[in-house]
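This is a predicted model, so every value here is computed, not measured.
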Amino acid sequence: MSESSQPVRVRFAPSPTGRTHLGSGRTALYNYLLARQTGGQFILRIEDTDRKRYVPGAEDELMQSLRWLGLEWDEGPDVGGPYGPYRQTERKEIYQKYARQLVESGHAYYCFCPEPETDETDEPWQRCQHREDCPDRDLPLDQADARRSAGEEHVIRFKMPYEGSITVTDAIRGDICVENSTLDDTILVKSNGLPVYHLAVVIDDHLMEITHAIRTSEWLPTFPLHGHIYKAFGWDQPVWVHPSIFLKPDGKGKMSKRDSEALSEEGKSTFLSDFAALGYLPEAVVNWMALIGWSYDDKTEFFTLADLIEKFSIEKLNPAPAAINFSKLDHFNGLHIRELDTADLAARIRPFFEQAGYPISDDEKLHQVADVLKIRLGSLAEAPEKGGFFFEEEVHPEPESLVGKKMTAAESLEMAQRIEQIIVSLPDFSEETANHPLRDLAEELGLKAGHVFGFLRNAITAREVSPPIFETMTIIGREKVLERVEKAILKLEKIAEER
RNA sequence: GCCCCCAUCGUCUAGGGGACUAGGACGCAGCCCUUUCAAGGCUAAAACGGGAGUUCGAAUCUCCCUGGGGGCACCA
């Protein structure tokens with residue numbers, strides 16, 4: 001509770017180049033938590049300066065995903081705010097003005113070198129690194145301006161000092177010192193006039209008065225460059241925080257497109273917009289991803305968003321890369337499902353039943369089903385599979401499943417008939433009234449209670465596993481129970497005859 | 001190849017010189033509960049990468065090695 005008790009201004013700044021990933025979700029989450037914890041602002045900024053990779057619709061998908069997680073932003077392209085515009089392509093003039101300032105102060109230069117052939121060098125490090133070999137690096141500004149106004153194509157490059165070193169500071173790693181000789185004259189403004197990330201991020205963070213910049217450790221290699229740009233402008237830097245990246249479940253490298261595709265084939269995903277359909281609660285996803293690279297103490301793992309807002313701290317961020325673990329997500333999903341109140345759960349499983357072809361008309365029944373399913377659901381998507389029979393008009397058990405273990409069909413038939421009699425004869429049908437008579441029946445016939453209940457389970461649900469049979473029968477109702485038991489008896493009669 | 005980051009059970013982690021016979025969680029195995037399945041409870045197996053230092057004392061500090069990860073675009 002040191003620096004973070006002052007209201008922060010943080011931003012989540014994705015580029016709309018594809019679907020939103022789990023890793024982005026976590027970065028957004030951490031930003032959000034810090035903002036809410038300190039009463040500061042959470043800003044959404046769209047970094048869309050790469051027109052080639054721009055994907056229409058990505059921005060909508062992104063915003064929907066963040067809102068699904070519950071991460072509402074205070075300023076952004078759709079909600080506006082006093083520091084807009086919040087879409088970088090709409091800030092082009094701003095960048096050009098500051099880039100020019102950098103050139104005039106001698107920290108950057110116009111470079112007229114043609115773009116190198118996109119030669120098929122597989123190794124990125126073999127490409128032109130553009131340092132001493134650039135003839136334009138020390139071109140007098142008036143000459144450069146003349147060539148520009150003559151329409152000559154150019155970019156603006158940062159003029160990296162040949163000597164010396166720079167130290168930048170990451171909140172979770174400490175100081176990072178790099179020799180300038182290992183750095184490049186990186187392009188700041190492309191020939192189309194749009195800035196690259198390195199320039200835009202510095203200018204925007206400064207102008208938007210960002211106090212804490214949280215981004216993944218992929219940015220560590222270019223962090224020193226950003227330090228140089230800040231220095232060139234003479235601006236103060238925000239507190240930099242670089243949570244480490246997520247590794248694939250096997251811990252070998254970060255997720256690639258191929259990996260994502262492989263995951264979706266096993267019914268998993270790292271795309272935020274997939275989790276809802278897979279039956280995951282946003283509460284669980286939030287809990288899960290918060291804990292990949294961050295921890296609170298040595299025992300607490302269950303967190304709501306509100307808990308996280310209260311407990312999150314930069315100090316407890318782990319600098320090491322972390323593998324994602326889907327079984328842990330399943331675990332958290334189960335925990336959060338069980339935390340839901342029944343009406344809430346009912347509302348959340350309803351679409352899954354409907355999508356599976358079970359039209360739900362009886363709200364009271366849905367509520368009862370939700371109640372009984374609550375401790376059995378690892379995911380909302382399992383609801384139809386585990387409770388679909390509650391909504392089926394008829395059920396079709398395998399005849400053989402009605403024959404008890406180590407019992408003959410005739411014995412099973414007799415048992416079934418006696419069960420039916422009991423259910424019919426009861427003045428009032430409930431667990432209290434039916435339990436003992438049914439158990440007594442088992443004893444009388446020299447059977448185990450499991451035989452009786454097993455038969456009922458198969459007859460009524462047409463499956464081997466179900467919620468406890470009395471709860472199940474109560475929901476289905478005595479009338480329907482009897483109907484299904486009678487049908488089961490018919491099947492048993494048939495089997496018994498054939499033998 | 002060059003630069004940067006990192007290093008505790010299979011995985012996520014607690015730990016920041018003595019409280020460590022290294023704790024928790026997931027998963028896994030067993031047991032209990034039990035009409036099935038779960039949920040819940042209990043138990044087990046499971047880790048400080050290696051080597052030098054510093055220190056009375058190192059999982060904790062330093063260095064080297066090894067290993068892992070990231071980056072090296074007119075992408076972010």
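- Only the C1' atoms considered, B:C31 is 26 Å distant from B:A22, to the nearest whole Å.
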Annotated protein contacts, base or backbone, on nucleotides 10-16 of chain B with a non-hydrogen cut-off under 4.0 Å, one of B, S, - each:
-BBSSS-

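- Here, B:U8 and B:G50 have their P atoms 12 Å apart, quoted to the whole Å.
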Which nucleotides of nucleotides 29-49 of chain B have their base under 4.0 Å from a protein heavy atom (B), which only their sugar-phosphate (S), and which neither (-), written as one string 5' to 3'?
------BBBBSS---------

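- Both A:Lys254 and A:Leu220 sit near RNA chain B, but only A:Leu220 has its closest nucleotide nearer the 5' end.
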Distance-only check: which donor-acceptor pairs under 3.5 Å involve side-chain atoms of residues 216-225 of chain A, not counting sequence neighbours?
| from | atom 1 | to | atom 2 | distance (Å) |
| --- | --- | --- | --- | --- |
| A:Thr216 | OG1 | A:Glu218 | OE1 | 3.0 |
| A:Ser217 | OG | A:Ile245 | N | 3.4 |
| A:Glu218 | OE2 | A:Lys254 | NZ | 2.6 |
| A:Thr222 | OG1 | A:Trp219 | O | 3.3 |

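- Residue A:Lys52 places at least one side-chain N or O under 4.0 Å from the OP1 or OP2 atom of B:C75.
- In this entry the distance linking CZ of A:Arg157 with C1' of B:C74 reads 8 Å, nearest Å.
- Separation of the C1' atoms belonging to B:A76 and B:C20 is 45 Å when rounded to the nearest angstrom.
- Separating the C1' atom of B:U62 from that of B:U54 is a span of 7 Å, rounded to the nearest Å.
- Atom CE of A:Met160 is separated from atom C1' of B:C3 by 12 Å (rounded to the nearest Å).
- When the C1' atom of B:C74 is taken as reference, atom OH of A:Tyr110 falls 16 Å away, rounded to whole Å.
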